[in-house]
Amino acid sequence: MKLKIFLTALCILSSGTGYANSSQQEKITFVKKVYKDQLNEDLMEIDILKLHASKELRLLIQKRDAIADRHEGDMCEWVRQVLIPGNDYDVRANKIKYSVLPNGRVRAQAKNFGESFHVDFDVKCDAQGCKITDVYDPGSYRKELISIVKNGTCYYI
């Protein structure tokens with residue numbers, strides 16, 4: 001009887017672990033797709049972060065873009081690459097390493113022109129798929145966007 005209870009408990013724990021690994025793998029697969037899109041030359045004119053963002057994050061990005069549009073001709077101080085740091089990149093999709101952190105975020109690690117970098121993604125998945133709710137490089141990009149939108153200017157105050 002004790003053996004039967006033990007085996008039942010083991011099966012329950014195993015299935016729970018499998019589910020967690022499946023969820024983690026789904027997030028990793030999604031972040032790989034984000035980087036595949038980012039590195040796809042046919043998609044260079046598309047804001048890949050906005051494309052894969054949650055509704056809330058996408059709205060913040062749109063508001064940020066509207067502020068930048070009001071300052072046409074100026075380079076806003078806060079304009080920067082979030083997914084791959086720098087103005088240009090030599091990153092290859094097959095060289096990016098992915099892992100799930102203890103807090104559930106997905107980390108993408110690579111080198112850009114020999115410089116190591118990592119970006120952490122807060123990803124939420126549901127029946128419709130996965131979306132990025134925040135990006136950490138190392139601070140919260142969502143909080144940065146909220147600050148930009150609140151200030152409504154092209155320059156830090």
Side-chain angles (χ1 to χ4, degrees), residues 13-69 75-157:
L13 289 173
S14 297
S15 65
T17 304
Y19 176 76
N21 289 338
S22 171
S23 172
Q24 292 173 344
Q25 189 57 49
E26 182 181 16
K27 289 179 179 182
I28 288 174
T29 300
F30 171 73
V31 174
K32 283 182 180 180
K33 166 109 174 78
V34 169
Y35 276 97
K36 183 179 176 192
D37 289 350
Q38 179 67 30
L39 298 170
N40 183 339
E41 291 184 15
D42 294 335
L43 302 176
M44 287 186 90
E45 298 300 316
I46 296 174
D47 184 335
I48 299 302
L49 180 56
K50 189 188 322 184
L51 177 69
H52 293 290
S54 66
K55 187 176 182 179
E56 178 190 358
L57 187 59
R58 190 177 323 109
L59 183 60
L60 287 168
I61 293 169
Q62 288 169 340
K63 288 179 179 181
R64 176 213 57 196
D65 292 348
I67 293 167
D69 290 346
M75 183 63 154
C76 294
E77 289 179 5
W78 38 258
V79 171
R80 64 186 176 85
Q81 295 297 318
V82 178
L83 300 178
I84 302 172
N87 295 327
D88 197 9
Y89 52 83
D90 71 347
V91 177
R92 300 289 172 249
N94 64 348
K95 297 292 184 183
I96 303 173
K97 292 180 176 68
Y98 303 92
S99 59
V100 177
L101 302 175
N103 60 11
R105 294 181 188 147
V106 176
R107 175 166 287 175
Q109 293 177 269
K111 289 187 177 189
N112 190 31
F113 294 108
E115 287 285 321
S116 294
F117 74 92
H118 74 266
V119 180
D120 297 341
F121 294 85
D122 192 357
V123 175
K124 299 290 185 241
C125 300
D126 60 25
Q128 284 75 41
C130 298
K131 294 292 181 187
I132 299 168
T133 59
D134 204 353
V135 179
Y136 296 84
D137 69 330
S140 166
Y141 190 58
R142 187 178 68 76
K143 286 183 181 177
E144 184 179 322
L145 290 170
I146 289 169
S147 176
I148 290 166
V149 170
K150 180 182 170 193
N151 291 328
T153 182
C154 203
Y155 305 99
Y156 286 119
I157 296 176

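Keep in mind that this is a model prediction, so the values were computed, not measured.
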Taking only residues two or more places apart in sequence, or in another chain, which ones meet [X] in a salt bridge (charged side-chain N to carboxylate O under 4.0 Å, His left out)?
{"X": "Lys143", "result": "none"}
{"X": "Lys32", "result": "none"}
{"X": "Arg105", "result": "none"}
{"X": "Lys124", "result": "Asp122"}

Within this structure, what is the [atom1]-[atom2] distance for the pair [X] and [Y], rounded to the nearest 0.5 Å?
{"X": "Leu57", "Y": "Thr133", "atom1": "CG", "atom2": "OG1", "answer": "7.5 Å"}
{"X": "Arg58", "Y": "Leu145", "atom1": "CZ", "atom2": "CG", "answer": "13.5 Å"}
{"X": "Asn40", "Y": "Lys33", "atom1": "CG", "atom2": "NZ", "answer": "8.5 Å"}
{"X": "Asp137", "Y": "Leu83", "atom1": "CG", "atom2": "CG", "answer": "9.0 Å"}
{"X": "Glu56", "Y": "Ile132", "atom1": "CD", "atom2": "CD1", "answer": "13.5 Å"}
{"X": "Lys97", "Y": "Lys111", "atom1": "NZ", "atom2": "NZ", "answer": "8.5 Å"}

Under 6.0 Å from the CG atom of Asn87, do we count more than 12 heavy atoms belonging to anything else shown?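 No, not enclosed.
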More than 12 foreign heavy atoms under 6.0 Å from NZ of Lys63: is that the case here?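 No, NZ of Lys63 has 12 or fewer neighbouring heavy atoms, counting only those of other groups under 6.0 Å.
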So which atom in [X] and which in [Y] form the shortest heavy-atom distance, rounded to 0.1 Å?
{"X": "Arg92", "Y": "Leu39", "result": "C-CD1, 4.0 Å"}
{"X": "Gly152", "Y": "Ile67", "result": "CA-CD1, 3.7 Å"}
{"X": "Asp88", "Y": "Asn112", "result": "O-ND2, 3.1 Å"}
{"X": "Ala53", "Y": "Ile61", "result": "CB-CD1, 4.5 Å"}
{"X": "Glu41", "Y": "Met44", "result": "O-CG, 3.2 Å"}
{"X": "Asp37", "Y": "Leu51", "result": "OD2-CD2, 4.3 Å"}

Could you please spell out the steps behind the side-chain contact (heavy atoms from CB on, under 4.5 Å) verdict for Arg64 and Leu60? CA-CA 6 Å; Arg64 176 213 57 196; Leu60 287 168; over 6 Å; no
Just grab all the ring-ring contact (aromatic ring centres under 6.0 Å, His included) pairs involving residues 80-107, residues at least two apart or on different chains.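 Residue pairs with at least one partner in residues 80-107: there are none.
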Got a sec, which residues hit side-chain contact (heavy atoms from CB on, under 4.5 Å) with [X], two or more places apart in sequence or on another chain?
{"X": "Arg107", "value": "Ser99, Leu101, Gln109, His118, Asp120"}
{"X": "Ala66", "value": "none"}
{"X": "Val100", "value": "Gln24, Ile28, Val106"}
{"X": "Glu26", "value": "Cys125, Cys130"}

Among residues two or more places apart or on two chains, list those pairs meeting disulfide (SG to SG under 2.5 Å) that have a residue in residues 83-121.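 The answer is none; no pair qualifies.
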Do Ile96 and Val31 make a side-chain contact, defined as non-hydrogen atoms from C-beta onward lying under 4.5 Å apart?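 Heavy-atom side-chain distance check fails, nothing below 4.5 Å.
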Report yes if some heavy atom in the side chain of Lys131 is under 4.5 Å from a heavy atom in the side chain of Lys55; otherwise report no.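 With C-beta onward as the side chain, the pair stays apart.
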Contacts of Phe30 that satisfy ring-ring contact (aromatic ring centres under 6.0 Å, His included) - sequence neighbours left out: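 Phe30 satisfies ring-ring contact (aromatic ring centres under 6.0 Å, His included) with His52 once adjacent residues are dropped.
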If the condition is ring-ring contact (aromatic ring centres under 6.0 Å, His included), which residues does Tyr35 pass it with, not counting sequence neighbours?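 Result, ring-ring contact (aromatic ring centres under 6.0 Å, His included) vs Tyr35: Phe121.
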Flag, side chain of Asp134 to backbone of Arg142, donor-acceptor distance under 3.5 Å: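 At least one qualifying donor-acceptor pair exists.
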